[in-house]
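Single-structure report; data block below.
Computed from a predicted model, the values in this text were never measured in an experiment. Computation of the quantities below employed the complete heavy-atom set of this structure, encompassing side-chain atoms and omitting hydrogens, waters and symmetry-equivalent molecules.
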Amino acid sequence: MAFLLLLLAAPPAWQRLSLVAWGNHYECGVAGFLAILAASRPGRRAALAAGLLSALALWVGFSAAYAVAAIPAWLLLSGRVRDLPFFLAGLATVALPWLGQWAATGHGPFGTIYEPGEAVPSLARVPHKAATLLAPRQLAGLFGLPDRPWGWGLGLAAVAAGAALALRPGRRAPLARAAALALAAWTAIYLLVRFQLDAPPWPHVPDAGGLRYAAPIYPLLFAVLAAGFARGWRRGPGSAAALLAVA
């Protein structure tokens with residue numbers, strides 16, 4: 001219920017992005033989240049479903065690469081090594097539409113999208129990308145807040161709350177742990193590639209196109225916060241209400 005509430009009362013940036021659906025980042029972000037949701041369930045069928053959903057997400061857009069990195073790590077950390085081949089088998093189905101694309105057009109999935117070296121990871125990008133990711137204008141754009149000092153503070157508080165809840169969401173919250181791992185995977189990939197979020201100067205409304213690469217982080221963050229809300233509810237309605245206010 002808390003997840004649905006956060007989804008309905010989402011930050012303005014996520015709402016605009018969902019309406020515009022710039023390119024395919026929103027769609028593959030949603031499919032990637034469904035893959036994380038499937039992977040958080042036990043069993044080989046769930047792992048296979050996670051692989052198939054990851055293949056769909058990767059076919060729709062490469063913004064879903066975070067799921068491809070996070071789900072195998074989640075399976076290994078959860079002691080589900082035997083489920084990993086089922087995930088990989090489902091993921092391998094993405095090769096079928098890629099082969100069809102190559103047979104029909106003579107182009108692979110990368111050649112018509114990226115400029116030379118554009119998607120090649122580089123550690124040299126990390127300092128600049130880390131600094132700009134937490135810059136006031138970036139957080140103002142991501143959370144739909146005015147570009148002012150309190151906007152930076154609230155944005156950073158939301159990130160810190162999500163990180164804190166990810167550390168101890170409780171044993172009954174595997175989705176929160178899987179989502180937290182996916183957030184870490186998204187951040188790592190974002191810091192290494194050239195693509196970058198942007199937000200126009202105040203007082204202009206952030207454009208959804210400039211935030212498209214962040215499409216996957218919203219449902220992941222909602223899942224982590226919702227798990228923290230449930231944990232707080234078990235401790236008492238007051239704790240849950242305070243957490244929801246932070247969210």
Just distance, no hydrogens or angles: give the donor-acceptor pairs under 3.5 Å from side chains in residues 65-76, sequence neighbours left out.
residue	atom	partner	partner atom	Å
Y66	OH	G29	O	3.4
Y66	OH	F33	N	3.3
W74	NE1	A39	O	3.1

Are the side chains of [Y] and [X] in contact, using a 4.5 Å heavy-atom criterion?
{"X": "V224", "Y": "L220", "value": "no"}
{"X": "F195", "Y": "Y190", "value": "no"}
{"X": "R80", "Y": "F86", "value": "no"}
{"X": "L88", "Y": "P85", "value": "no"}

- Per the side chain to side chain contact (heavy atoms under 4.5 Å, CB included) rule, which among V94, L96, T93 passes with W59?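 Going through V94, L96, T93 one by one, the side chain to side chain contact (heavy atoms under 4.5 Å, CB included) with W59 is satisfied by V94 alone.
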Membership question, hydrophobic clusters at under 4.5 Å side-chain separation (ILVMFWY): are [Y] and [X] in the same one?
{"X": "L58", "Y": "L48", "answer": "no"}
{"X": "L37", "Y": "L56", "answer": "yes"}
{"X": "L5", "Y": "M1", "answer": "no"}
{"X": "L183", "Y": "V126", "answer": "yes"}

- Query: Can you say whether the rings of H25 and Y213 are parallel (under 30°), tilted (30 to 60°) or perpendicular (over 60°)?
  - Reply: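 Rings of H25 and Y213: perpendicular, as their planes differ by over 60°.
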- Classify the angle between the aromatic ring planes of F3 and F222 as parallel (below 30°), tilted (30 to 60°) or perpendicular (above 60°).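 Rings of F3 and F222: perpendicular, over 60°.
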- Set of side-chain contact (heavy atoms from CB on, under 4.5 Å) partners for L53, sequence neighbours left out: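 Once residues adjacent in sequence are excluded, the partners of L53 under the side-chain contact (heavy atoms from CB on, under 4.5 Å) criterion are L34, A35, A38.
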- Task: Without swapping roles, check the side chain of K129 against the backbone of L192 for a donor-acceptor pair under 3.5 Å.
- Result: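 Not a single qualifying donor-acceptor pair exists.
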- Item | Any pair counted as side chain to side chain donor-acceptor pair (under 3.5 Å), so long as it reaches residues 43-56, sequence neighbours left out |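 Pairs touching residues 43-56 that pass the test: none.
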